[in-house]
Amino acid sequence: MRTFLRFLIGFVKNNFWMKVAALAFAAALWVFVIAETNPPRMKEFRDIPVTFIGVQDLTDRGLTSTEDLSQLITQANVTVDAQTDQLKYLTDESITLTVDLSGITTPGDYELPIRGKTTAGNVTAIDPSDVTITVE
């Protein structure tokens, strides 16, 4: 055990400043590589509001939802994939989630996808991903 400790102390003491310089150089190289490659990163956002579009189209066709739309789904969780330099621009306000009702033309049960858009990056996942609506 003593020989190991002597070896460890000798390893740290010998060329100490060379090792510090190598560590600083490695850190600078890492920062440079990350800045140059700008790798994509994923970020999750919770409780993003969901809005319904095309409600007027539904009403114009004489159709209505059996449930209050504001009670069907109000929020969802979103995963966004964006470049590292774009992540700082992503906020809850830069993400919009919508359910489009304009394609409904007849009464029945519909499972509609929740669509997501963002100002930076791409929406890769939405939880829940769809909503079931009954139209009469």
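The minimum heavy-atom distance linking Leu90 with Ala82 is given by the pair CD1-CB, 3.9 Å. Looking at every heavy atom in both residues, Ala76 comes nearest to Ile126 through CB-CG2, 4.0 Å.
Residue pairs meeting the side-chain hydrogen bond (donor to acceptor under 3.5 Å, both in side chains) criterion with at least one member in residues 121-136, sequence neighbours excluded, are Asp109-Thr134. Listed by first and then second residue, the salt bridge (Lys or Arg N to Asp or Glu O under 4.0 Å) pairs that reach into residues 77-104 come to none, sequence neighbours excluded. Every pair passing side-chain hydrogen bond (donor to acceptor under 3.5 Å, both in side chains) that includes a residue from residues 47-59 is listed here, sequence neighbours excluded: Gln56-Asp60.
Between the CH2 atom of Trp30 and the CZ atom of Phe25 there is a distance of 14.5 Å, given to the nearest 0.5 Å. One distance of note links CG of Leu97 with OG1 of Thr118; it measures 9.5 Å at 0.5 Å rounding. Residue Ile95 holds its CD1 atom at 14.0 Å from NZ of Lys117, rounded to the nearest 0.5 Å. With rounding to the nearest 0.5 Å, the separation of CZ in Arg115 from OG1 in Thr98 is 8.0 Å.
In this structure, Val135 and Leu58 have side chains that are in contact, with non-hydrogen atoms separated by less than 4.5 Å. Using a 4.5 Å heavy-atom cutoff, the side chains of Ile114 and Ile73 are in contact. Looking at Thr105 and Arg61, their side chains come closer than 4.5 Å, going by heavy atoms from C-beta outward.
Under a 3.5 Å cut-off, the side chain of Arg41 and the backbone N or O of Val80 do not form any donor-acceptor pair.
Under the side-chain contact (heavy atoms from CB on, under 4.5 Å) criterion, Val20 pairs with Phe16, Trp17, sequence neighbours left out. In this structure, the side-chain contact (heavy atoms from CB on, under 4.5 Å) partners of Arg46, at least two apart in sequence or on a different chain, are Glu44, Asn77. Checked against side chain to side chain donor-acceptor pair (under 3.5 Å), Thr106 has the following partners two or more places apart in sequence or in another chain: Tyr110. Residues satisfying the side-chain contact (heavy atoms from CB on, under 4.5 Å) test with Lys43, not counting sequence neighbours, are Phe45, Leu87. When the side-chain contact (heavy atoms from CB on, under 4.5 Å) test is applied to Ala125, the partners found at least two apart in sequence or on another chain are Thr79.
Residue Val99 forms a side-chain contact (heavy atoms from CB on, under 4.5 Å) with just one option from Val55, Leu112, Ile133, and that option is Leu112.
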